[in-house]
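First the structure, in the form of structure tokens, and then the observations on it.
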Amino acid sequence: MNFYQEQVESVFEELSTSQNGLANKEVQKRLEEYGPNNLDIARGTPKWLLFLLQFKDVLTIMLVVASGMSFLIQNYRDAFVMLAIVFINVVIGFWQEFKAEKIMSSLQKLVQSPAKVYRDGEVQEVSQQDLVPGDIISLEEGDKVPADMRIIEAYNLRINEVALTGESLPQEKQSNHIEEELSLADRDNMAYMGTNVASGSAKGVIVATGSDTEMGKIATMTQEEEKSQSPLEEELTVVANRLAIFGIIIGFLLFGVSIYRGLDLYYALVYGLGITVAIVPQALPMQITVALSNGVAKMSKQNAIVKKLSSVETLGSTNVIATDKTGTLTKNEMTVHKVWFNNQQYEVTGLGYQPEGDILDTEGNSLSQEQIDELEIMFDAATMASNAEIHPPDDEHEGWYPIGDPTEAALITLSTKLGTRSPNEDEENPELHEFSFDSDRKRMSSIRQFEDGKFLTMKGALNSVLSVTKHIYKDGEKVEITEEDKQRLNELNEEYSNGALRVLAIAYRKLGLDETDYVMEEIERDVVFLGLVAMIDPPKEGVKEAIAGAHEAQIDTYIMTGDHAITAKAIAEEIDLGHGEEVVAISNQELDEFSDEELSEVMQGDTSIVFSRVSPENKLKIVKNLKEQDKIVAVTGDGVNDAPALKSAHIGVAMGQMGTDVSKEASEMVLLDDSYPTLVHAIEQGRTIYNNLKKTVLASLTSNGAELSIVLLGLIGAAIFAWPIPILAIQILSIDLLAEILPLTALTFDPGSENLMTTPPREQDEHIINQRSISEVAFLGILMGGLAFVNYGLFASGVDGGLTESHQLYPRATTITYLTIVVCQLINILSRRYELTSLFNKNLFSNSKMTYSILLSIGLVLVVIYTPGLSSYLDFVPLPLSDWGRVLTAGGVFLLAFESIKFYKRQRREKQN
Ligand code: ATP
């Protein structure tokens, strides 16, 4: 059946459904029949491919080749050990990457918004996966269309179908059936999965779900997501590649020397290859991915979902947060507090969405029923221009809760509290058309059918409503609104806003019978002003502290709100945005007039600014301006109109609860609890993760430096003293595997340092691998390799008749070299935990993963060296105490050197301060 060619009734019939939606029981049956509503194709890389991809690495291939050659020359031991190393590396790599992919895809699900669906005649919020054909769902601006549907009601509906048809302009949609056969892009009474609502609202009946949808049919073609590397991963890939080239040169050199020393050709080649592989940190980029995805998983438990791994790095360097107010800084739990109607002011009691409370006059007396009846005209207009609902407590909600916009839910609560709202309002006065709220127009209106005709009911920001007002309601009559009236209203608006209240104006207009075209400009005019309602929205717990915390960490916070300047400023003062100083407020109009230079000047002068009534264009202007000042900007947003600013920011942050799907898609991060403190916390996590990566990278490169040095020094030893090589290829390979991999991974779990949020953010162009860190790594690496070589040399020179490869003391000599590097590397990893502080501080055991992994590594090394059979298999021998003395002395020297570097750094830092 071509649903777009059918009347709505026959679509209902075909799908056995109705305006009231399906019965819950029927839904279960259909779910079993049609399966969940998702695109069931493997997202990302299939498992087998992920496994094979682990072998694509040049160095792994080299190792496999080396192993093959060892096999040919019947050196089965080396062949086997190298294969084992390849295998373990590949399995770890595969498992880690698989885990990282899984983490990322499970996070995608967390940020999916629920669908609003009518079932058994009630609105319910259900997971998009649980939608079935025949479900009736409603869509609003910013929603993603969750399945293919035939539109049954549409209000100014425009859908962005670029993902499906490639058409970049939003398409107007309507609900009438179409006679002729049309292609997908022209079916204007259908909405398809994967597209999204650019404006307006709609109701529709689902006709296809999951892989039966149009998107499902072409999914395999469009799902391929491009994988991008983070800046750090890129940086490390470059380093790893350079080291690989260097390693290959060394490999050739070694090969030459080995031949020269009369080694067998094959043996020399294998040795060269083995060493090359050993000195390159090929696992490092993978380790970074793992560290990032572990960090992301941890952040998700704290309600911050990072959608792209690379964003974590940027997050840590954020130095400006431009946040919206409602829901992020405030609870978005609106309660009407004040009402102004017919020249009288009233106060409303009660809190939250529980419809219990009273309305009092200025003397504090409750109103009589008669007085309440007088107010009813205004409350009715307010609720009829609203779509939200309030629900009593249930399993998932402790108290009464809203479905829909909290501002609107507050109005529903108000009239339910006072008993003016009919439970059957929508049936008694059905909605004929709606002009939805948008943050540009700052009002919304609904056309309702009454017994005596059609009425427009309207609510919105005072200025917005006044701009279309002609009359005002006074003593039961409508009279022309005067300038004094307007002035009085503006004064009231200011007074309420000063008390941090959000003000809404309510109005109506009787429509003529001939007004059936519902053109917004024609209908939203000449309204009768009814009154004002003012609602509180208290700041969230923890916001004030988080603002202070961000300030201490030298992160500036700007508020960019759609709300009135005075309300926003009052809230800003409550949360102490200005840190004791007065907060500057800048209006949208001023923003319009500012040139870029003027705006930069203002923002550089004041770091606590409230931008009020900001238009989406000006949000973008602010973000761009901050970027031009070389700031790293995190911007929060929730609406469709916020998408450009979110995209432009370094870190776009969408709201998980109140945010539209469009804003979530435009963002790098989603806050599940919509909360500013969560964002500040996420930045702190970002800093911790970055610092830990830095530790891991530098610690890892130091041991590669040591391995390189020992091999080079070995060449010199061979040339001058005719000593055999100080360490075997497989021994070097086993340093990584036995002693290093676990503590290095543990390093990525290090807790944040105590002064993490009292120091400024790192500079954006700061690289982990810079001249200073390279020289430090080089120094420590050469020292580590040098100490190992000294130990080896001291031992070798004491051997009677000179040390040779076949000498029975040769394995003891290489074991000394090996252990010296292992001990120094463990000290190196431990020392890296604190950039400036001595290793011996009270937090020495604060990372239990580190403590256990160091113990485990030591255990593994001892097992390998002291287990007969295994030990000789790898050419190790158990060392006597005297040799351990040499090894530990070298460790002591290394530690002393590291501590001296830190001492020097501390001195320098102090001088700088
Ligand atoms: P923020 O941008 O900080 O989240 P906000 O939620 O106040 O602030 P908007 O949602 O753009 O920003 O609201 C701007 C103004 O529009 C409000 O101050 C209010 O007067 C009016 N308004 C808000 N919600 C509605 C609504 N559902 N219907 C009619 N008018 C509304």
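Ligands are counted one by one from 1 in listed order, and the atoms in each one are counted from 1 as well. Just so you know, residue 1 is the first one in the sequence shown, and it goes up from there. Note that these values count all heavy atoms, side chains included, but never hydrogens, waters or copies made by symmetry.
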| query | At a non-hydrogen distance cut-off of under 4.0 Å, which region of D405 contacts ligand 1 (side chain, backbone, both, or neither)? | reply | side chain
| said: Just by distance, no angles: are the side chains of E425 and T383 close enough, under 3.5 Å, to form a donor-acceptor pair? | reply: yes
| query | Got the closest protein heavy atom to atom 11 (O) of ligand 1, with its distance? | reply | S439 CB, 3.2 Å
| Is there a donor-acceptor pair under 3.5 Å between the side chain of T636 and the backbone N or O of D324? | yes
| Any idea which protein heavy atom is nearest atom 28 (N) of ligand 1, and the distance to it? | K459 NZ, 2.9 Å
| note | atom 15 (C) of ligand 1: closest protein heavy atom, distance to 0.1 Å, is R613 NH1, 3.7 Å
| task | For ligand 1, find out whether one of its N or O atoms is nearer than 3.5 Å to an N or O atom of E408. | result | yes
| Does K619 use its side chain to pair, donor to acceptor, with the backbone of V614 at less than 3.5 Å? | no
| request: Run the numbers for me: atoms of ligand 1, each under 4.0 Å from some heavy atom of G460, listed by number. | output: 29 (C), 30 (N)
| field | ring-ring contact (aromatic ring centres under 6.0 Å, His included) assessment of H433 paired with Y155 | value | CA-CA 6 Å; H433 195 84; Y155 304 111; 5.1 Å; yes
| query | Heavy-atom distance under 4.5 Å between the side chains of L139 and K203, does that happen here? | reply | no
| request: State if G327 counts as touching ligand 1 under the rule of any non-hydrogen atom under 4.0 Å. | output: no
| note | atom 19 (C) of ligand 1 has as its nearest protein heavy atom L504 CD2, 3.7 Å
| query | With only distance considered, is T326 within less than 3.5 Å of ligand 1 through an N or O on each side? | reply | yes
| request: Give the residue, atom name and distance (to 0.1 Å) of the protein heavy atom nearest atom 22 (N) of ligand 1. | output: F437 CE1, 3.4 Å
| request: Could you tell me the residue and atom name of the protein heavy atom closest to atom 3 (O) of ligand 1, and the distance to it rounded to 0.1 Å? | output: K325 N, 2.6 Å
| message | My understanding is that we take every heavy atom of each candidate and find the minimum distance to atom 24 (N) of ligand 1. Doing that for R502, M560, M444, which one comes out nearest? | response | R502
| Are K478 and Y508 in a cation-pi setup, meaning NZ or CZ lies under 6.0 angstrom from the ring centre and within 45 degrees of the ring axis? | no
| field | Contact check, side chains of L504 and L462, non-hydrogen atoms, under 4.5 Å | value | no
| said: Below a 4.0 angstrom heavy-atom separation, can you tell me which part of V503, side chain or backbone, both or neither, approaches ligand 1? | reply: backbone
| query | Can you list the ligand 1 atoms lying under 4.0 Å from a non-hydrogen atom of T561? | reply | 1 (P), 2 (O), 3 (O), 8 (O)
| query | Does a salt bridge link E524 with R509, judged by any charged N lying under 4.0 Å from a carboxylate O? | reply | no
| task | Give the atoms of ligand 1, by number and element, whose distance to some non-hydrogen atom of D563 is under 4.0 Å. | result | 7 (O), 8 (O), 18 (O)
| query | Would Y473 and F341 count as a ring-ring contact (aromatic ring centres under 6.0 Å, His included) if you check the C-alpha gap in whole Å, the side-chain angles of each, and the deciding distance to 0.1 Å? | reply | CA-CA 8 Å; Y473 188 86; F341 173 74; 5.7 Å; yes
| query | What residue and heavy atom of the protein are closest to atom 14 (C) of ligand 1, and at what distance? | reply | G562 O, 3.2 Å
| request: State whether R502 and D563 are salt-bridged, where the test is any N-O pair (Lys NZ or Arg NE/NH1/NH2 against Asp/Glu carboxylate O) under 4.0 Å. | output: yes
